[in-house]
Amino acid sequence: MRSQDAGEPMDRALLIGVSDYRFTKGPHAVPGKLPAVEKNLPVLREALVRAGVFTDEEITSLPSPDFAEAAQELQRVAREARGLLLVYFAGHGAIPSGGDELYLQLRDAHVLAGEHTVFNGAVSFSDLMGTVLVASRADRIVVILDCCFAGNAARVWEHFEDKRRVVLLMSVQANHRIDAGDPGTPTPFTENLAELLGEEDGTTVSRLATRLRERMAEQKRRTMRKEAWEPQLRADAGADVQLGEGPQLPVLAPDGPGPSGADPGPNPRPRLPVWVAASWRRPRTPAAKWSRAWRRKLSRTDRGGGKRSSRRILLRLALPVPLALGLLGVGLYLLLGPFSRDDTHCAPPLELRVLTDPDLEKTFRTAAAAYLTSDANTTDAGCRRTGITVYSAGSSDVVDALRRRTDAWQEPEGAEVNPQRDIGPQPDVWIPASRAEADRVLEEQDTDAVAELEPEESPLAHSPVVLAVPERLAPEALNDITGRPLTEMIDALTGHADDVAVRRPDPEFTDSGLLATVGLYGDPASVAQGERMVRQQGPPSPTAGDLLCDLPDDDAVDDRTAALVPEFLLVSGVDCEDNTRTPRWALYPADVPGMDPVFVRVRWDDADGDDDSGDDDTDRDAAAAAFRDWLAGAGGREELARQGFRDPGDGELFAPERKPDGVKFAPSPLDESAGRDEMEQALSAYQAYGGPGRVLFLLDSSGSMADLWQGPSGGPGLLRQTLGGLGDEDEYGVWAVADTGEGSYETLLGFGRHGRKDAEEAVDERARVRDASADPHAALLAAFDEMEDRGDDGRPQMVVHITDGQHGEYLTGGRLREVLNRAGASEVPVTVAVLGSGGCDEGRPDQRIAEVSGGRCLDAGDDVGAALHDEIARVGTGDD
């Protein structure tokens, strides 16, 4: 870095890492401590100094500050910075049930959960950035977030008028939780960031973001939703920030060059106008919506005794004085925005939320990015008309929520059913992979649903679901590329070589998997035959993209395994192209419907709160219609062509020049679209395949569990929560694992069918902590024997081990090897819920047992109750 004489720009960095939290137990606690974050600050500080980005004196490190300390230091550092300002946060990130605003939780954070979630001791990203923008005259601002839900900060960035000096680097995409990793090392994102900073003499933030995405893909990092972990970047077009000793990029003022093209000089502070248009309507933000909902609630509940003032209630929220003054400026800034020298003003664009199928998220995120900067979305004054957030969720979850959970989606009432948490914010637009999905919702939607769906008649594009065959098998397979049922094609492949396998993605998570299942089953009598054709150890890959990325992990598997995937992925490729993979050729089954993404407008009752003007609905309709027209027009067609889609009319490739050798230009005949009933029947048959499930719970009841026993998140409470995923026809039992001298376990609930109330009462009455150690080695071996004795009749099975992870010598050496061998041979997945942090770190016994058995390991980095319930629901027939 250059020396800083008087009058030269001053560079400043503030590194905040919260590893130690005061409130980690009880109903208002944060998820737990983050020992890995403690390693982040020294590693990142050293990397920034070594790379020449800052001198050591220019960096302020705050390990585990409370709210007041962080606010004070943020104000100070922001005021001092004149050149480069870098603000870094690592710790717990959270989003409330009623919206998608990101809250960064400081040391004294705790959660008040009720009708509306309130985060005390946390700062919203809107407020943090408002403070920075108002207080700082820095030429360039870089914000780096390493926390769960970091990508939710992007929507705040979209509202900045001062984008040209603010670059935002986020550890993960929106609405995703991430694992902090090994407690003895920095978190995965920050560790990679520090390493990359040291690899080059000078780099840019955008290059760092690209290399981070590549690194995370190479390392096969996954979020807690088992999707690819993708760091995100927000930087205005043409704006970037140089880090280190390389040649400096020009500094761009927020308004760009003046009329003469000359450099306008240092960035001015935002200037407020001398007037305010009384008719100008504030943009709807999550906070504004929340406040309107709160006022409506107060007016309904307090009519008998007079309406309480929401202003009085809001004033009771105490804030440190420095932050309070900063937030006053923030409020004015966000209300009015910065004005350029000619007093033109771009109001924050209306934000359109677009929900799509997981396999289509990348496609429509790319399309939305092109639309945002297109002429269709730009006013004559150069302002954006609309901002767009694209996100995805499991297809069957979305259909169920739009059918039966719209009221809970609009106003979550509790932790059990919360689509805003489990799926994402209420969508304005839904783009399922098949029109049949919209028809499934409309056919059975609740009469009192608060969401109205209006699907377009014509799909936006088409992509067949193909059997992608390894090149080694192609010569035999290519004799009949089209015209045969899927099961015949698979029979021909398996007849060609004994070791040939076929895989499909999860039919409950993505429509490509469900469309493939339609062809696999053929008719109800063929369900068992179809499932045997795609049988594999462990759960299926969540998406088709994940499937194509997972296969190259083992060259032998990749070379002999065909994949049922949408054809467009063979054209566009997938995010892990750095892997050496077997080239594949597409076969086009005659009875597998293709993907036909369709645009569905979703309108929500009373979406504009207590404002009856209807202006917001009208504006939102116009924004949705404009995006729809662009997608269906030349701009959208061009983007979909790049992704490898076909014309929905004639079935020909939009861009035939991009066709790889393994894809046919105009395959015929094709089963081009799915029907509502066949999709519904295939999903029901898949979920019911094998009959009711069997689950054996092992509850660690040793003395070390004493502090993890009481309450809904304790061992017995966690077990009770999962029972909702089991139905009356499922069989299950509960063992208490403690070596009391009479064996490694005692039976709390005998194996069989149970009513939920009876099972809960049995656990409440009999479960207790014993003054003894647990012997999970003996208990797990006995559990495998128990499940094997019940026969291999195709029924789904699972062993669930709830423990604190303190196994001593019982899961080491030969004992651990014996358990791992049995787990791998039994074909019964083991799901381990570790009530503590780090229990599922790579190489730990519980993680290895879950992995080798095809199960899942859950610890404090997950929402253990919800995740465990989901795992049980995959096996059981319960419906809540």
Side-chain angles (χ1 to χ4, degrees), residues 10-24 30-50 53-81 84-94 102-110 119-136 138 141-148 150 153 168-171 180 183 185-187 189-191 193-194 197 243 319-327 330:
M10 292 183 291
D11 301 315
R12 292 289 183 266
L14 177 63
L15 311 182
I16 301 173
V18 189
S19 59
D20 190 24
Y21 286 85
R22 289 199 184 107
F23 306 106
T24 58
V30 296
K33 296 184 179 182
L34 296 169
V37 171
E38 186 177 1
K39 313 297 187 299
N40 285 6
L41 297 192
V43 167
L44 183 57
R45 183 176 192 134
E46 180 186 352
L48 290 169
V49 173
R50 186 176 63 249
V53 184
F54 297 97
T55 65
D56 191 66
E57 294 76 17
E58 292 168 340
I59 301 175
T60 298
S61 294
L62 286 182
S64 298
D66 59 21
F67 183 89
E69 181 186 4
Q72 183 176 359
E73 285 300 300
L74 178 64
Q75 288 271 343
R76 181 187 65 79
V77 172
R79 282 196 305 267
E80 291 180 359
L84 171 63
L85 170 62
L86 185 147
V87 178
Y88 165 89
F89 173 86
H92 282 303
L102 173 64
Y103 284 82
L104 309 177
Q105 297 185 297
L106 285 309
R107 178 182 172 84
D108 49 346
H110 55 286
F119 295 96
N120 283 349
V123 60
S124 73
F125 185 70
S126 294
D127 291 345
L128 181 146
M129 283 310 304
T131 301
V132 169
L133 289 170
V134 170
S136 180
I141 300 172
V142 177
V143 181
I144 303 175
L145 302 178
D146 186 0
C147 60
C148 290
L168 175 61
L169 179 59
M170 300 157 283
S171 60
T185 63
T187 60
F189 172 81
T190 296
E191 185 172 39
L193 173 64
L197 278 168
L243 299 174
L319 290 173
V321 172
L323 184 58
L325 292 175
L327 295 187
V330 174

Give a yes or no on whether the backbone of L41 and the side-chain of S61 come within a donor-acceptor separation of less than 3.5 Å.
-> no
Please determine which of V87, L14, L62, V132 meets the side chain to side chain contact (heavy atoms under 4.5 Å, CB included) test together with V77.
-> L14
Taking the side chain from S64 and the backbone from S19, do they hold a donor-acceptor pair closer than 3.5 Å?
-> yes
Sequence neighbours excluded, the answer for salt bridge (Lys or Arg N to Asp or Glu O under 4.0 Å) partners of E69 is none
Which pair of heavy atoms, one from R22 and one from D108, lies closest together, and at what distance?
-> NH1-CB, 3.3 Å
With rounding to the nearest 0.5 Å, note down the distance linking CD in E58 to CD in E80.
-> 11.0 Å
To the nearest 0.5 angstrom, please state how far the CG atom of L48 sits from the CG atom of L243.
-> 8.0 Å
I59 side, atom CD1; R12 side, atom CZ - distance, nearest 0.5 Å | 10.5 Å
Check the surroundings of atom NZ in K33: do more than 12 heavy atoms from other residues, nucleotides or ligands lie under 6.0 Å from it?
-> no
Taking the side chain as every heavy atom from C-beta outward, state whether L197 and L44 have any pair of such atoms under 4.5 Å apart.
-> yes
Atom of L34, atom of A180 and distance for their closest heavy-atom approach = CD2-CB, 4.1 Å
Return the minimal non-hydrogen interatomic distance between G121 and F67, and the atom names on each side.
-> C-CD1, 3.9 Å
Could you tell me whether the side chain of T190 reaches within less than 4.5 Å of the side chain of I144, counting heavy atoms only?
-> no
When rounded to the nearest 0.5 angstrom, what distance separates CG in L85 from CG in L74?
-> 8.0 Å
Using distance alone, with no hydrogens and no angle criterion, decide if T60 and R76 have a side-chain donor and acceptor under 3.5 Å apart.
-> yes
Considering all heavy atoms, the nearest G91-C147 contact | O-CB, 3.1 Å
Indicate yes or no: at least one non-hydrogen side-chain atom of V123 is less than 4.5 angstrom from one of F89.
-> no
Residue list, side chain to side chain contact (heavy atoms under 4.5 Å, CB included) with V43, at least two apart or on another chain | P186, A194
R107 bridged to D66 by N-O distance under 4.0 Å | no
Scanning both residues in full, the closest heavy-atom pair of H92 with G32 reads NE2-O, 2.6 Å
For the side chain to side chain contact (heavy atoms under 4.5 Å, CB included) test, which of L145, I16, D127, V18 pairs with L104?
-> L145
Which atom names give the shortest non-hydrogen contact between A153 and L102, and what distance separates them?
-> CB-CD2, 3.9 Å
Does L15 reach the side chain of N40, with side-chain heavy atoms less than 4.5 Å apart?
-> no
Find the distance between OG1 (T185) and NZ (K39) and round it off to the nearest 0.5 Å.
-> 8.0 Å
Do side-chain atoms of D146 reach the backbone of S171 as a donor and acceptor pair under 3.5 angstrom?
-> no
